[in-house]
Amino acid sequence: MIRALWSGATGMAAQQFHIDNISNNLANVNTSGFKKQRVQFQDLYYQNMMMGNGSVASVGSGVRVSGTDRDFHQGPLERTDDPLSLAIEGQGFFTVIGPNGEDRYTRDGSFRLDSQGRLVNSQGYEVKMEGATSIPPAVEDLTVDKNGMIYGKIGGTYQEFGKVILTVFPNPAGLEGVGSNLYRESAQSGPAVSVEPGLEGAGFILSGYLENSNVEIVTEMVNLIVAQRAFELNSKSVEAADQMWAIANNLKR
Amino acid sequence: MIRGILSATTAMRAQVLNQEIIANNLSNADTVAYQEDKVTFTSFRDVLMHRMEFRSQPVPVGWFSNGTVAQDIVTSTETGPIQNTDNPLDIALPPGAYLAVETPQGTRYTRMGDLRVKDGYLTVSGYTVLGINGPIQVENYKTCYVSEDGTVFAGDDEIGKLALYSFTDGANLRKIGNSLFSPEGSGGNLLESPSLTVGALEGSTIDPVYEMASLITSLRSYEAAQKIIQAHDETLDQAINRVGRV
């Protein structure tokens, strides 16, 4: 009885986590560069029991959340007309120099210039580039080509201001999300490899576009229904176990 | 009289086990490739009852069983619904096929198909997948994908082939948790030309309607057994406290 109660409880807890995750996905349906997460479940340990025919059978003890998996599918591209809005068509990540000088990786390419003419992301972290030079405020006709090279016109002549480089990982699904659309390298993701746009599957850069969230509302809503019903189902098994316990207690009147 | 109470007690105990199995099934309603368990019951072995006669041989009165007992827990070998994920490393295995994985305890089998690259190897839920030629190593970064015949590619290079096993009798596999199965007796037979569904995962085989119906049946059987014990209790009460009272 106790086992049935706890199995039901593990199911409710797991579905609660599932709903939390779906809510987070849905909350980020408009977050640039957001990648949705999926929860994975596994059954818990099995206890061996002697059966009537002398054989040994196993009784399970519920479910657990075994992990979350980030889905790095390309999100839809949205036109912004700002030349410093960059999107990646491929598997690569932009690299920014985060707090304490540590590298952080992001798919959110909503960049701008700071007071010193550096390319920074929306939090003000500098974007890693090759041969970066300060971009003066007087620049006109700023463009970024598909290889990440930034051009601009100063005093009638075009000038190069450096090249945005991308990073690829052996296993991007293993990256650790640190919030604010940023990821950190982890043992699971494998070491970061800096590459030029277009190489190693990193993908080319599109200027004037932002990659939108890859959350699909319909899928999430269906998952929400499944999770909610599964939660309800488990509450029924808890309820049934409780009733059975009450019946046992009422044996002696 | 006491025999009746004991029989009803075995029924209650059996339904507790049934309830535990159902609760475990329900809690795994959303677990990838979970296969439902069912418990089968059998009556206790029949015993021949005798009536004792004064100064003569006992007279047989007939066969009698002393209640019920769980006979076995059977794991379903049905296939769950296939859910599309579009992930090139998610595979749904053909019915009755298992992937072999390396665990600290030895080779174990699983029907989970969410393959991932971890520490340079192809893994499923953290365990290294054993391909035809052992673990499948994924060296440099390239997009990994699996073809329908189980060949694993990294970019354009073939880096290995998944090995799928079948078991002649499903009862040869025992669940050990973490969606793994432990082989009992001989190992599996390698499938010659498997065909996988790529970009999809197999859902849990749980049928909520069936499980809820079982839950109700189990609960009511339990309740009925309780009533039998109470009825016996009342009869005993009559026999002890009322019979012989003037």
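No hydrogens, no waters, no symmetry mates; every other heavy atom, side chains included, goes into these values. Since we're looking at a predicted model, the values are computed, not measured. Residue numbers begin at 1 in each chain, while the letters A, B, ... track the order of the sequences.
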Could you tell me which non-hydrogen atom of [X] sits nearest to which non-hydrogen atom of [Y], and how far apart they are?
X: V124(B); Y: M112(B); value: CG2-O, 3.6 Å
X: V39(B); Y: A70(B); value: CG2-CB, 4.0 Å
X: S7(A); Y: G62(A); value: OG-N, 3.6 Å
X: E211(A); Y: L77(A); value: CA-CD2, 3.9 Å
X: V144(A); Y: I205(A); value: CG1-CG2, 4.3 Å

Proximity breakdown for [X] and chain B, heavy-atom pairs closer than 4.5 Å:
X: N48(A); result: side chain
X: S66(A); result: neither
X: Q15(A); result: side chain
X: M50(A); result: neither
X: L251(A); result: both

Problem - Y210(B) OH: over 12 foreign heavy atoms closer than 6.0 Å - result: no
Exercise for the section: Take atom CD1 of I82(B) as the centre, draw a 6.0 Å sphere, and report whether it contains more than 12 heavy atoms from other residues, nucleotides or ligands. Expected result: yes
Quick one about [Y] and [X] (side-chain donor to acceptor, distance below 3.5 Å, no hydrogens or angles considered), yes or no?
X: Q230(B); Y: D233(B); value: no
X: N28(B); Y: N24(B); value: yes
X: T167(A); Y: T95(A); value: yes

Problem - Proximal to chain B - members of residues 32-41 of chain A, heavy-atom separation under 4.5 Å - result: R38(A), Q40(A), F41(A)
Practice task
Please answer whether the main-chain N or O of E36(B) pairs with a side-chain N or O of S76(B) as donor and acceptor at a distance below 3.5 Å.
Solution key: no
Problem - Under 3.5 Å: donor-acceptor pair, side chain of T40(B), backbone of D72(B) - result: yes
Option that, when pairs with chain A are counted at under 4.5 Å, heavy atom only, ranks first among [options]:
options: L180(B), I73(B), N87(B); result: I73(B)
options: A225(B), S218(B), A29(B), S125(B); result: S125(B)
options: L17(B), L26(B), I22(B), T68(B); result: L26(B)

Heavy-atom cut-off 4.5 Å, strictly under: side chain, backbone, both or neither for [X] against chain A?
X: D86(B); value: both
X: Q83(B); value: neither
X: I206(B); value: neither
X: I216(B); value: neither
X: T42(B); value: neither
X: L215(B); value: side chain
X: D30(B); value: both
X: T85(B); value: backbone

Pick whichever of [options] has the most heavy-atom pairs under 4.5 Å with chain B.
options: T10(A), D43(A), D71(A); result: D43(A)
options: S58(A), G11(A), A13(A); result: S58(A)
options: Q243(A), Q42(A), H73(A); result: Q42(A)
options: N250(A), V56(A), V238(A), T219(A); result: N250(A)

Handout entry: Distance under 6.0 Å and angle within 45° of ring axis: R70(A) vs Y183(A)
Key = no
Practice task
Mind telling me whether F153(B) and Y145(B) have parallel, tilted or perpendicular rings, with 30° and 60° as the class edges?
Solution key: parallel
